[in-house]
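In what follows, a structure is listed as structure tokens, so that the remarks can point back to it.
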Amino acid sequence: MTQAFSELSLAEPLARAIAEMGFSAMTPIQAQAIPVVLQGRDVMGAAQTGTGKTAAFSLPLLQRMLKHENASTSPARHPVRALVLLPTRELADQVAQQIALYAKHTQLRSTVVFGGMDMKPQTAELKKGVEILVATPGRLLDHIEAKNCVLNQVEYVVLDEADRMLDIGFLPDLQRILSYLPKTRTTLLFSATFSPEIKRLAGSYLQDPVTIEVARSNATASTIEQRFFRVDEDDKRQALKQLLREKGVKQAFVFLNSKLGCARMARALERDGLNAVALHGDKSQDERLKALDAFKKGEVDLLICTDVAARGLDIKDVPAVFNLDIPFNAEDYVHRIGRTGRAGASGIAISFVTGRDVKQLAEIEKLIGKKAEVESLLLESDQRRFGGAPARQNDGQRLWSDPQARAEVRSERPTRVRAPRASSDPFFDQPYQPALASDAKPEWEGKAQPARGLSPFIKSKRKVAALFRPAAAPAPASAAESSTEAAS
DNA sequence: AAAAAAC
């Protein structure tokens with residue numbers, strides 16, 4: 001049933017490049033999408049992470065460009081015929097490199113433009129003429145407006161990570177770029193995640209599209225083992241180090257939700273003697289590329305990153321992904337863990353869950369269609385306090401399943417001074433007692449803004465609003481509690 | 001509670 005690239009009768013230069021890269025069998029998304037793109041149809045393609053989507057669109061696109069030569073093949077005039085757009089600079093770089101490899105034996109030329117780098121070398125490349133242009137949106141608009149490239153002869157547009165490209169942060173730039181392109185063209189959208197809303201929106205950019213879904217949209221790759229551990233915010237670094245040791249993991253992506261958090265975590269881990277480097281949008285592009293390169297080469301063990309690295313990055317044989325924070329979007333969870341378990345390899349994805357992540361975890365469960373079983377984790381520091389011998393049970397994976405032992409150890413732990421929580425922690429805490437009855441009217445209703453002159457502890461208007469908002473029903477808390485108890 | 005993408 002699996003088909004070989006050789007059955008496609010691709011042009012010789014492409015077939016040769018594929019063979020040199022050691023590819024023979026097509027993945028399901030490739031087997032399904034390539035013939036359709038070869039027909040010149042618009043495509044919306046969904047397939048799990050790490051299953052070769054880049055080849056699925058670039059190979060047929062190159063083939064068509066070779067077969068349907070533009071009239072103007074004189075070296076003097078090379079209009080951009082294919083445009084590939086991506087949401088991060090590193091991903092643009094990676095995809096451009098891959099396309100260059102596929103096109104190696106053809107006359108087709110390609111280049112990549114993205115921000116954070118000098119405009120001049122990019123401009124020079126564009127002026128020489130390229131048929132295939134890979135880009136991030138902002139820098140491409142710069143080049144368009146500087147008239148460094150002309151896009152009025154573009155025949156093919158690819159939005160890779162299409163759901164991200166169509167989200168609200170990118171949409172204005174994207175629409176402006178599309179306004180420079182001919183109306184008659186082939187448009188290809190690819191991603192591992194498509195929400196129903198994005199699917200609908202995407203439809204308006206496509207003409208009579210063929211939808212290709214290998215497995216259900218938003219599905220996680222079956223090659224990834226997913227684990228969830230209940231870990232306090234302050235214990236995350238210790239828990240990470242412990243799990244790296246227990247699982248025998250050397251190299252891993254470590255995701256956090258904020259740039260500052262990444263910088264701090266990377267520094268702290270380095271102080272602890274680990275080989276970690278941060279990757280996030282506050283670093284210079286030079287640092288970003290260097291960090292990624294070092295990680296790729298295996299010179300760095302831990303890549304401490306924001307969602308800048310969540311999508312698309314294809315690094316061979318990274319065995320593990322850690323989510324030190326649960327991502328804001330459930331989709332990003334799917335992409336993050338997709339950095340491991342690629343091309344049929346196996347991988348483990350470990351996510352740390354705190355009390356405030358419960359709602360987001362439910363979103364993730366809904367999206368991936370799988371129950372997230374949250375396990376307890378006995379920290380080594382707690383084991384020592386508990387009396388020398390490790391209280392570890394079974395294979396060390398389900399470390400601590402006795403609730404009573406858990407309570408005892410907790411009482412042994414140093415008391416930390418913490419700000420009171422705004423909402424309940426269904427894992428450990430007392431149920432939340434709302435300060436106001438749910439039907440209470442804000443006492444300032446109809447009066448002037450209360451923001452000034454309140455308690456000095458209330459700093460933002462937002463927090464004030466939260467105080468006066470009717471309390472949420474406490475029902476989900478007890479449900480979450482009973483299910484995690486059952487799990488542990 | 002954020003990040004990404006242009007200077």
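Just so you know, these numbers use all the heavy atoms, side chains as well, and skip hydrogens, waters and symmetry mates.
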Check every atom of [options] against the side chain of [X] and return the nucleotide holding the closest atom.
X         : options                : answer
Phe328(A) : dA2(B), dA3(B), dA5(B) : dA2(B)
Lys259(A) : dA2(B), dA5(B), dA3(B) : dA3(B)
Ser258(A) : dA3(B), dA5(B), dA1(B) : dA3(B)
Val308(A) : dA4(B), dA2(B), dA6(B) : dA4(B)

Inset, instruction - Determine, using ring centers only, whether Phe57(A) and Tyr156(A) are less than 6.0 Å apart. - result: no

Is there a side-chain contact between [X] and the phosphate of [N], meaning an N or O under 4.0 Å from OP1 or OP2?
X         : N      : answer
Arg89(A)  : dA5(B) : yes
Arg288(A) : dA4(B) : no
Lys359(A) : dA1(B) : no

Could you state the atom-to-atom distance from [atom1] of [X] to [atom2] of [N] in whole Å?
X         : N      : atom1 : atom2 : value
Met165(A) : dA5(B) : CE    : P     : 11 Å
Asp325(A) : dA2(B) : CG    : P     : 11 Å
Glu233(A) : dA1(B) : CD    : P     : 14 Å
Leu292(A) : dA4(B) : CG    : P     : 14 Å
Asp160(A) : dA4(B) : CG    : P     : 19 Å
Leu159(A) : dA4(B) : CG    : P     : 21 Å
Arg176(A) : dA5(B) : CZ    : C1'   : 12 Å

Inset, instruction - Go through the side-chain N and O atoms of Thr220(A) and Gln226(A) and say whether any donor and acceptor fall under 3.5 Å apart. - result: yes

Legend entry - Residues in salt bridge (Lys or Arg N to Asp or Glu O under 4.0 Å) contact with Asp167(A), at least two apart in sequence or another chain: Arg164(A)

Which donor-acceptor pairs under 3.5 Å do the side chains of residues 256-265 of chain A make with protein atoms, sequence neighbours left out?
unit_1, atom_1, unit_2, atom_2, d
Asn257(A), OD1, Arg336(A), NH2, 2.8
Asn257(A), ND2, Ile326(A), O, 2.9
Ser258(A), OG, Gly261(A), N, 2.9
Lys259(A), NZ, Asp282(A), OD1, 3.2

